[in-house]
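Encoded as structure tokens, the structure appears first; notes follow it.
All values derive from a computational prediction rather than experimental measurement.
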Amino acid sequence: MLVLRSAALFVLAAVFEIGGAWLVWQGVREHRGWLWIGGGVMALGVYGFVATFQPDAHFGRILAAYGGIFVAGSLAWGAVADGYRPDRWDITGALICLAGMAVIMWAPRNGG
């Protein structure tokens with residue numbers, strides 16, 4: 001159950017962080033305006049807040065593991081929101097990142 005909670009928090013954090021970055025990108029690069037930028041900045045703040053609910057209390061571990069989620073999630077977001085088509089190397093890299101995230105977060109440890 002702890003792994004499911006942790007995984008759900010990573011997905012939620014990814015939505016806020018990647019979505020926030022995308023909103024800022026749209027606001028600046030696509031000239032959609034300050035409301036998009038402000039919404040993105042707020043979403044990025046929520047991402048930081050959601051990350052604090054991870055059951056592991058080690059900031060470095062959480063952020064390092066989140067890197068794998070960010071890579072895979074960013075490719076998926078780009079495919080859905082912008083029509084980006086990842087190639088086999090993008091997908092291979094994302095799978096490697098997700099495997100790394102799983103090892104960092106959920107590998108058995110002695111004494112924590």
Which pairs, with at least one residue in residues 88-100 and sequence neighbours excluded, count as a side-chain hydrogen bond (donor to acceptor under 3.5 Å, both in side chains)?
->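 Qualifying pairs, neighbours excluded: Y84-D90.
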In terms of hydrophobic clustering (I, L, V, M, F, W, Y; side-chain heavy atoms under 4.5 Å; direct or indirect links), are [X] and [Y] co-clustered?
| X | Y | value |
| --- | --- | --- |
| L12 | I62 | yes |
| L9 | V3 | yes |
| Y66 | W106 | yes |
| F16 | F59 | yes |

Any pair counted as salt bridge (Lys or Arg N to Asp or Glu O under 4.0 Å), so long as it reaches [range], sequence neighbours left out:
| range | result |
| --- | --- |
| residues 43-54 | none |
| residues 41-60 | D56-R61 |
| residues 7-21 | none |

Grab the two heavy atoms, one from R109 and one from I104, that are nearest each other, plus how far apart they are.
->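 Minimum heavy-atom contact is NH2-O, 2.8 Å.
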For residues 26-55, run the donor-acceptor check on the side chains, cut-off 3.5 Å, and write out each pair with its distance to 0.1 Å, sequence neighbours left out.
unit_1: T52; atom_1: OG1; unit_2: F49; atom_2: O; d: 2.5
unit_1: Q54; atom_1: OE1; unit_2: S6; atom_2: OG; d: 2.7
unit_1: Q54; atom_1: NE2; unit_2: S6; atom_2: O; d: 3.0

Which atom pairs, one a donor and one an acceptor, fall under 3.5 Å between side chains of residues 67-78 and the rest of the protein, sequence neighbours left out?
unit_1: S74; atom_1: OG; unit_2: F70; atom_2: O; d: 2.7

All side-chain contact (heavy atoms from CB on, under 4.5 Å) counterparts of A79, not counting sequence neighbours |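 For A79 the side-chain contact (heavy atoms from CB on, under 4.5 Å) partners, ignoring immediate neighbours, are R85, P86.
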Test side chain to side chain donor-acceptor pair (under 3.5 Å) applied to D87 - qualifying residues, sequence neighbours left out |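 For D87 there are no side chain to side chain donor-acceptor pair (under 3.5 Å) partners, ignoring immediate neighbours.
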Quick one: pull up CZ in F10 and CE in M101 and give me the separation to the nearest 0.5 Å.
->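 Answer rounded to 0.5 Å: 6.0 Å.
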